[in-house]
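One structure is given here, and the rest of the page talks about it.
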Amino acid sequence: MLRSGIRRRSGGLTVVVAPGPGPVPRIGVVAGKRVGAAVARNRAKRRIREALTRVPLQGEADYVVIASPEVNEVEFDRLVAWLERATVAEGDM
């Protein structure tokens with residue numbers, strides 16, 4: 001999935017999108033050690049999950065959202081805008 005998907009970067013996020021098996025989108029959120037200690041990584045993942053509830057996603061797609069350290073420092077509205085830009089289909093899959 002990470003190798004074959006389409007990568008889009010927006011702000012402090014990288015989103016990989018690939019065709020999925022079912023009608024409902026599947027989502028994975030990754031926050032590596034460069035984001036910070038466990039508390040910072042968990043906060044980044046919580047913020048991304050909440051922001052994803054405000055972004056329309058395609059059905060039949062798999063999404064992997066990879067966080068950078070900026071995710072914990074940016075305003076929430078800006079995080080949502082990053083996700084909107086990164087998940088918008090530019091010619092689709």
Side-chain angles (χ1 to χ4, degrees):
M1 154 74 201
L2 287 175
R3 290 183 183 167
S4 62
I6 298 169
R7 283 182 185 261
R8 296 186 185 120
R9 180 140 174 93
S10 180
L13 296 173
T14 301
V15 178
V16 183
V17 183
V24 178
R26 296 187 306 176
I27 302 166
V29 180
V30 178
K33 286 193 176 186
R34 70 180 211 154
V35 173
V39 173
R41 293 193 306 267
N42 289 334
R43 181 172 190 251
K45 290 188 280 187
R46 281 193 312 269
R47 292 187 85 210
I48 290 170
R49 279 192 224 108
E50 179 59 31
L52 282 166
T53 64
R54 299 167 191 219
V55 176
L57 300 176
Q58 279 184 316
E60 298 186 9
D62 290 342
Y63 295 87
V64 176
V65 182
I66 304 168
S68 74
E70 299 170 60
V71 169
N72 283 333
E73 298 163 6
V74 71
E75 287 181 23
F76 188 75
D77 292 335
R78 191 157 189 191
L79 179 62
V80 172
W82 287 351
L83 279 168
E84 286 174 344
R85 279 195 302 260
T87 58
V88 169
E90 300 166 1
D92 292 326
M93 296 172 283

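Note that these values count all heavy atoms, side chains included, but never hydrogens, waters or copies made by symmetry.
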Item to complete: Supply the atom-to-atom distance Q58 CD to T87 OG1, rounded to the nearest 0.5 angstrom.
Response: 9.0 Å
Practice prompt. Report the distance from atom CG of L83 to atom CG of L13, rounding to the nearest 0.5 Å.
Written response: 5.0 Å
Quiz: residues 21-28 side-chain donor-acceptor pairs under 3.5 angstrom, not counting sequence neighbours:
residue : atom : partner : partner atom : Å
R26     : NE   : D62     : OD1          : 2.9
R26     : NH2  : D62     : OD2          : 2.8

Worksheet entry | Qualifying salt bridge (charged side-chain N to carboxylate O under 4.0 Å, His left out) pairs, either residue in residues 32-51, two or more places apart | E50-R54
Fill in: V15-I48 co-clustered via ILVMFWY side chain contacts under 4.5 Å
yes
Worksheet item: Under the criterion side-chain contact (heavy atoms from CB on, under 4.5 Å), which of V55, L57, V29, V16 is the partner of Y63?
Response: L57
Discussion item. Ignoring hydrogens, what is the shortest heavy-atom contact between R8 and A86? Give both atom names and the distance.
Written reply: CD-O, 3.1 Å
Practice prompt. Identify the two heavy atoms, one from S68 and one from G12, that lie closest to each other, and give their separation to 0.1 Å.
Written response: OG-O, 2.8 Å
What donor-acceptor contacts under 3.5 angstrom involve side-chain atoms of residues 69-80, with partners at least two apart or in another chain?
residue : atom : partner : partner atom : Å
N72     : OD1  : A44     : N            : 3.2
N72     : ND2  : A40     : O            : 2.9

Item to complete: For T14, check side-chain hydrogen bond (donor to acceptor under 3.5 Å, both in side chains) against everything at least two apart and list the hits.
Response: R9
